[in-house]
Amino acid sequence: MAIKSETLTRQSTTPNSSSDQIDSIDPILHILRIIPFSFLHLPRLRLKLPSLSLPSPMTVFSLILLTYFMVVSGIVYDVIVEPPGIGSTQDPRTGAVKPVVFLAGRVNGQYIIEGLSSGFMFLLGGVGIILMDLALDKNRDRSVRVSYASAGIASVVIAYIMSMLFIRIKIPAYLRS
């Protein structure tokens, strides 16, 4: 493909145009560019660079745990879809409106409270596993290790039972023959 003549003329003039502005023989431009900088000087600044210290391990752990809770609770889903915080249903006998926490029958939908409660149960199970891991430390006193182990086992059992209950409410025929 042949190069157009307009492109050739633009390419030939652009490198020289910047040097023409610097090497101008105009005395007013020379005065405006040189004279103010002959008596103005840069100040000597003594700026300190900010020193950033690393956060403590507990701070990092707390941020990761909070992020885990938000992810498993479905915060992204809640922001995008904007579901109601809690649902309601009408009682067929009395006609009264009852609050509903779980969106039954829809696996891919949730109320905000449903997501937060499920996320809390997952978080409770994770903290229980961490407590059981802390119970294995031989440097701790025996009573502290027993306390950690019992609290960890109780947390994991409660989280499992409640999560299975949540699933059975959400999907009524789950794991039933």
Side-chain angles (χ1 to χ4, degrees), residues 1 3-4 7 10-11 14 45-177:
M1 185 169 150
I3 300 175
K4 294 182 180 179
T7 312
R10 285 184 189 166
Q11 289 176 353
T14 47
L45 297 176
R46 296 182 187 184
L47 297 176
K48 290 184 178 179
L49 292 175
S51 62
L52 298 175
S53 61
L54 292 175
S56 68
M58 200 59 185
T59 304
V60 173
F61 173 73
S62 300
L63 289 174
I64 289 173
L65 204 63
L66 179 69
T67 304
Y68 172 74
F69 172 72
M70 293 175 76
V71 167
V72 298
S73 294
I75 296 292
V76 175
Y77 173 83
D78 293 340
V79 167
I80 293 173
V81 177
E82 296 178 0
I86 195 167
S88 62
T89 185
Q90 189 171 8
D91 189 14
R93 290 185 196 166
T94 61
V97 177
K98 292 182 179 180
V100 176
V101 176
F102 290 94
L103 187 58
R106 283 193 54 205
V107 180
N108 59 350
Q110 71 177 15
Y111 294 126
I112 294 174
I113 298 297
E114 175 185 355
L116 293 176
S117 58
S118 297
F120 178 74
M121 287 303 135
F122 295 146
L123 187 73
L124 183 66
V127 169
I129 291 172
I130 292 170
L131 287 174
M132 287 190 294
D133 181 56
L134 289 174
L136 295 175
D137 188 11
K138 299 289 182 188
N139 296 330
R140 297 189 194 276
D141 193 30
R142 187 180 189 313
S143 62
V144 174
R145 288 188 298 160
V146 169
S147 298
Y148 279 162
S150 59
I153 291 171
S155 296
V156 169
V157 168
I158 289 170
Y160 176 76
I161 291 171
M162 293 303 292
S163 296
M164 291 305 292
L165 178 68
F166 291 170
I167 289 175
R168 287 196 180 121
I169 292 171
K170 186 100 174 142
I171 309 167
Y174 183 70
L175 291 180
R176 294 188 185 152
S177 304

Problem set entry | Contact check, side chains of Ile171 and Val107, non-hydrogen atoms, under 4.5 Å | yes
For this session: State, yes or no, whether a side-chain contact exists between Leu116 and Glu114 at a heavy-atom distance under 4.5 Å.
Result: no
For this session: Taking atom CE of Met70 as the centre, report whether more than 12 heavy atoms of other residues, nucleotides or ligands fall under 6.0 Å from it.
Result: no
Exercise. What residues, two or more places apart in sequence or in another chain, satisfy ring pair (Phe, Tyr, Trp, His ring centres under 6.0 Å) together with Phe166?
Worked result: Phe102
For this session: Only counting residues at least two apart or in another chain, list the ones meeting ring pair (Phe, Tyr, Trp, His ring centres under 6.0 Å) with Tyr148.
Result: none
Problem set entry | Set of residues satisfying side chain to side chain contact (heavy atoms under 4.5 Å, CB included) with respect to Phe61, sequence neighbours excluded | Met58, Leu65, Ile130
Nearest-0.5 Å distance that lies between atom [atom1] in [X] and atom [atom2] in [Y]:
X: Thr59; Y: Leu54; atom1: OG1; atom2: CG; value: 11.0 Å
X: Ile129; Y: Leu134; atom1: CD1; atom2: CG; value: 12.5 Å
X: Ile167; Y: Ser118; atom1: CD1; atom2: OG; value: 8.5 Å
X: Ile113; Y: Ser73; atom1: CD1; atom2: OG; value: 10.5 Å
X: Ser150; Y: Met132; atom1: OG; atom2: CE; value: 11.0 Å
X: Asn108; Y: Leu103; atom1: CG; atom2: CG; value: 9.0 Å

For this session: Let me see the working for Val81 and Gln110 under side-chain contact (heavy atoms from CB on, under 4.5 Å), right down to the final yes or no.
Result: CA-CA 10 Å; Val81 177; Gln110 71 177 15; over 6 Å; no
Nearest heavy-atom neighbours spanning [X] and [Y]:
X: Phe122; Y: Ser163; result: CE2-OG, 3.9 Å
X: Gly109; Y: Tyr77; result: CA-OH, 3.4 Å
X: Ser88; Y: Val97; result: CB-CG1, 3.6 Å

Problem set entry | Polar side-chain atom of Lys170 near backbone of Arg106 as donor-acceptor pair, under 3.5 Å | yes
For this session: Tell me, with the steps shown, if Ser155 and Val127 meet side-chain contact (heavy atoms from CB on, under 4.5 Å).
Result: CA-CA 7 Å; Ser155 296; Val127 169; 5.6 Å; no
Exercise. How far apart are the C-alpha atoms of Ile86 and Tyr111, what are their side-chain angles, what is the distance that settles it, and do they pass the side-chain contact (heavy atoms from CB on, under 4.5 Å) test?
Worked result: CA-CA 6 Å; Ile86 195 167; Tyr111 294 126; 5.6 Å; no
Problem set entry | Working for side-chain contact (heavy atoms from CB on, under 4.5 Å), residues Ile161 and Met164 | CA-CA 5 Å; Ile161 291 171; Met164 291 305 292; 6.0 Å; no
